[in-house]
Visitor: 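Dropping the structure in here first, questions after.
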2 protein chains.
Amino acid sequence: MRPLFHPSLDDIRPEGILHALSDPVRAAIFADIASIGCVETCSAFASVGNRIIPKSSLSQHFKVLREAGLIRSERHGVEMRNTSRCGEVETRFPGLVAAILNAYLGEAKRAEASL
Amino acid sequence: MRPLFHPSLDDIRPEGILHALSDPVRAAIFADIASIGCVETCSAFASVGNRIIPKSSLSQHFKVLREAGLIRSERHGVEMRNTSRCGEVETRFPGLVAAILNAYLGEAKRAEASL
DNA sequence: CCCATAGTTCGGGAAATTGGAACTATTGAT
DNA sequence: ATCAATAGTTCCAATTTCCCGAACTATGGG
């Protein structure tokens, strides 16, 4: 198992961030990690919404988020802890992550209201 | 040739916008349409940067932007005029498009500075 | 040492992207 | 009206990417 790759702040690209967050599942995972400074394990997301995500897919999703520069993953014993890199990303792309998370948040509220 | 489909404002989704703009070529096209003049033909983008884009691909790119709700395309005689829907999108996802365009803009400036 | 847990990697089928060639629609010229 | 030119679209095949089950790896505990 090769060590996890994390891009340096300089290597983070807008297209990577947009691609990573253009998938609603990844956006939901990231929103969760980003909220309240959180630290989350991968398996905390065995389901997103009411959809069950196979762990091989989850692993890929975390990899995409990591390589986009949105999260940092560290092994702690048997599990992986994921923290957001919002702070760093904000210095490079001001307002970007916040606007994206906010857009998805508005979307979720709409869905709820129209039940 | 079936008529062009434009989603109503209500049907515009964050994932569609992010996906559309996660491609640097589409982002460049959209940035151009969104800036000042706002009316552009497809063939004005035969090349983006120094890359030549085949017209079948260009047509697809415009379709993706259109179906994401980012642009409106109307036929005027033999050509297509594309206008941005930034204003509408802004009411639904405040700050989103601006933050994305700004992120790409910063990126372009960096690339220039590091020559 | 063996088992359980947490993730990663592999591999094949499904879906999306790309771009050349053929097609369609509109205008202008003969 | 016919023909040619221009601007885009559609078709299709090759490539790429995505998804998820199965097999694998790493770590900690009994």
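Model, not experiment: these values are computed from the prediction. Chain naming here is simple, since letters A, B, ... match the order of the sequence lines and numbering starts at 1 in each.
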Visitor: Measure from CZ on B/F62 to P on D/dT10 and round the result to the nearest Å.
Guide: 15 Å

Visitor: With respect to the phosphate group of D/dT9, does any side-chain polar atom (N or O) of B/S59 fall under 4.0 Å of OP1 or OP2?
Guide: yes

Visitor: Between the protein and nucleotides 18-22 of chain D, which nitrogen or oxygen pairs come in under 3.5 angstrom?
Guide:
from: D/dC18; atom 1: OP1; to: A/H19; atom 2: NE2; distance (Å): 2.9
from: D/dC20; atom 1: OP2; to: A/S57; atom 2: OG; distance (Å): 3.4
from: D/dG21; atom 1: N7; to: A/S56; atom 2: OG; distance (Å): 3.0
from: D/dG21; atom 1: O6; to: A/S56; atom 2: OG; distance (Å): 3.2

Visitor: When the distance from NZ of B/K63 to P of D/dC11 is rounded to whole Å, what number comes out?
Guide: 10 Å

Visitor: Between A/E67 (CD) and C/dT8 (P), how many Å, whole number?
Guide: 11 Å

Visitor: Please compare B/R66 and A/G77 by the position of their nearest nucleotide in DNA chain D and report the one closer to 5'.
Guide: B/R66

Visitor: Check A/E107 with A/K109, please: is the shortest side-chain N to carboxylate O separation under 4.0 Å?
Guide: no

Visitor: Will you find, in the side chains of A/R66 and A/S73, an N or O donor that is under 3.5 Å from an N or O acceptor?
Guide: yes

Visitor: For the atom pair CG (A/L9) and OG1 (A/T91), what is the distance rounded to the nearest 0.5 Å?
Guide: 4.5 Å

Visitor: Atom CE of A/M80 to atom P of C/dT8: distance rounded to whole Å?
Guide: 5 Å

Visitor: Nearest-Å distance, CZ (B/R75) to C1' (D/dG8)?
Guide: 7 Å

Visitor: What residues, two or more places apart in sequence or in another chain, satisfy salt bridge (Lys or Arg N to Asp or Glu O under 4.0 Å) together with A/D11?
Guide: none

Visitor: Check the distance between D/dT10's C1' and B/L58's CG and give it to me in whole angstrom.
Guide: 15 Å

Visitor: So, A/R72 versus A/H6: side-chain donor-acceptor pair below 3.5 Å or not?
Guide: no

Visitor: According to side chain to side chain donor-acceptor pair (under 3.5 Å), who are the partners of B/D10, at least two apart in sequence or on a separate chain?
Guide: A/R110

Visitor: Using atom CG of B/L4 as one end and atom P of C/dT24 as the other, report the distance to the nearest whole Å.
Guide: 17 Å

Visitor: Expressed as a whole number of angstroms, how long is the span from B/R81:CZ to D/dT6:P?
Guide: 18 Å

